[in-house]
Visitor: 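Below is a structure I'd like to ask you about.
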Amino acid sequence: MNAPQPHSFHVPEVNDPVALAAFKAQIAPLSLMPLWERTNRLVPGSECVPAVWPYAQTRPLLEQACGLISKKQADRRVLVMENPALRGSSYITNSLFAGLQIILPGEVAPSHRHTPNALRFVVEGEGAYTSVDGIKIQMQPGDFVVTPAWAWHDHGNLGNGPVVWMDGLDTPFVGLFGAHFRENYADDTYPVHCSADASVSTYGFNLLPTQHQRAATDGQPPLLVYSFERTRQALSHLAASPDQSPDAAQGYKLRYANPATGGYPFTTMAAFMQWLPSGFRGQAYRSTDNAIFNVAEGSCRVEVGGQTHHLTAHDVLVVPPWETYRFEADSHCMLFSFTDRAAQVALGFWREEYLSS
Ligand code: GTQ
Ligand code: FE2
């Protein structure tokens, strides 16, 4: 008896472009296409480009908008920072939304809720608050504020001057999944049932209520505000400790953590504060993060996309995924940033690389 012949059948080498084109046309009406004719890119990076929004440019425009539309009319008086390669999308990268919001004394941004997660980084001004599911949070410059998905939120300004903050949302994720829900609250403001900083006094001290263990670990971040004061203290202690050296590319860098899990404050977004010491010359670096930076204090230079940008306080920089960039600081610089790293890590996609320059 003969042993079975594993390769006994004949696969012809064919390359008949006319027949292939006819085949493609034949299957097209059935919503089918040949994978071998795929044209989209299969390399890291996106069509997004690096870009800077200098605060010296955006600040007067925010003020101009105040004279053109009321908070009530606008709902949220926000200048959306659109990536120059994504005009019309309202997104700063393929995965993130970023805007600058201004609120005048006495104004209220009416309460609503939506499935996208939101974060605020306070840029300028005193006296604003945001109320998140009835917890009233005072907003100080440099504070990082968390508005979890589906939490009711309204904003107000009880101070004497305008308040500006940067909004970061994961709206494109919700769009990708077709899961964007949104509703307005019946009144302008949701009833406040907690005094200021209730989330901080409960969750801000390495203590967790045992009864709330499940709620605190089911993904919703329990801590809603990370003060600039304490972040700055933690960073300066880190920088001063003898057993810590700065990261070659990022300087001294802290990640904002969900105190109940140690993980990211959102399922999608990560947030960071970093300090570039005076004279810092960073190593070239790239990662798959879609990253948005906001200069909290000081100034620095960034080399990205073949250009050098000088950044000063409150300037916004977007670095697209897998784009090489390099920081330098002559005097010190404090940089806030948020990225889509939480989602990328959870999904197993995130990568980084330090490059020799
Ligand atoms: O403040 O609730 O920039 O819902 C975009 C969507 C801000 C907000 C934005 C929003 C908000
Ligand atoms: Fe909102």
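Note: hydrogens, waters and symmetry copies are ignored here, and every other heavy atom, side chains too, is used. Each ligand, and each atom within it, is numbered from 1 in the order the structure gives.
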Visitor: Compile the protein residues with any heavy atom at a distance under 4.0 Å from an atom of ligand 1; present them by chain, then by number.
Guide: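 The 4.0 Å shell around ligand 1 contains R76, V78, F97, Q101, H112, H114, R120, H153, H155, D167, L169.
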
Visitor: Find the distance between CZ (F338) and OH (Y256) and round it off to the nearest 0.5 Å.
Guide: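 Output value for this atom pair is 12.5 Å.
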
Visitor: If hydrophobic clusters are built by linking Ile, Leu, Val, Met, Phe, Trp and Tyr wherever their side-chain heavy atoms come under 4.5 Å apart, do L100 and V78 end up in the same one?
Guide: no

Visitor: For I137, run the side chain to side chain contact (heavy atoms under 4.5 Å, CB included) check against D143, V200, T130 and tell me which one passes.
Guide: T130

Visitor: Per the side-chain hydrogen bond (donor to acceptor under 3.5 Å, both in side chains) rule, which among E107, H155, Q101 passes with K71?
Guide: Q101

Visitor: Run the ring-centre check on F327 versus F293 and record whether the distance is less than 6.0 Å.
Guide: yes

Visitor: Ignoring hydrogens and angles, tell me if any N or O in the side chain of R255 forms a donor-acceptor pair with the backbone of A270 under 3.5 Å.
Guide: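 Looks like no, no N/O pair under 3.5 Å.
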
Visitor: Between R113 and Y185, is NZ or CZ placed under 6.0 angstrom from the six-membered ring centre and within 45° of the ring axis?
Guide: no

Visitor: Give a yes or no answer on whether the side chain of T202 reaches the backbone of S199 with a donor-acceptor pair at less than 3.5 Å.
Guide: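 Side chain of T202 to backbone of S199, a donor-acceptor pair under 3.5 Å: no, none is there.
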
Visitor: When you check the space around the Fe ion (ligand 2), which protein N, O or S atoms turn up under 2.8 Å?
Guide: H112 NE2, H114 NE2, H153 NE2

Visitor: Quick test of your reading of the model: are R182 and D75 salt-bridged, counting only N-O distances below 4.0 Å?
Guide: yes

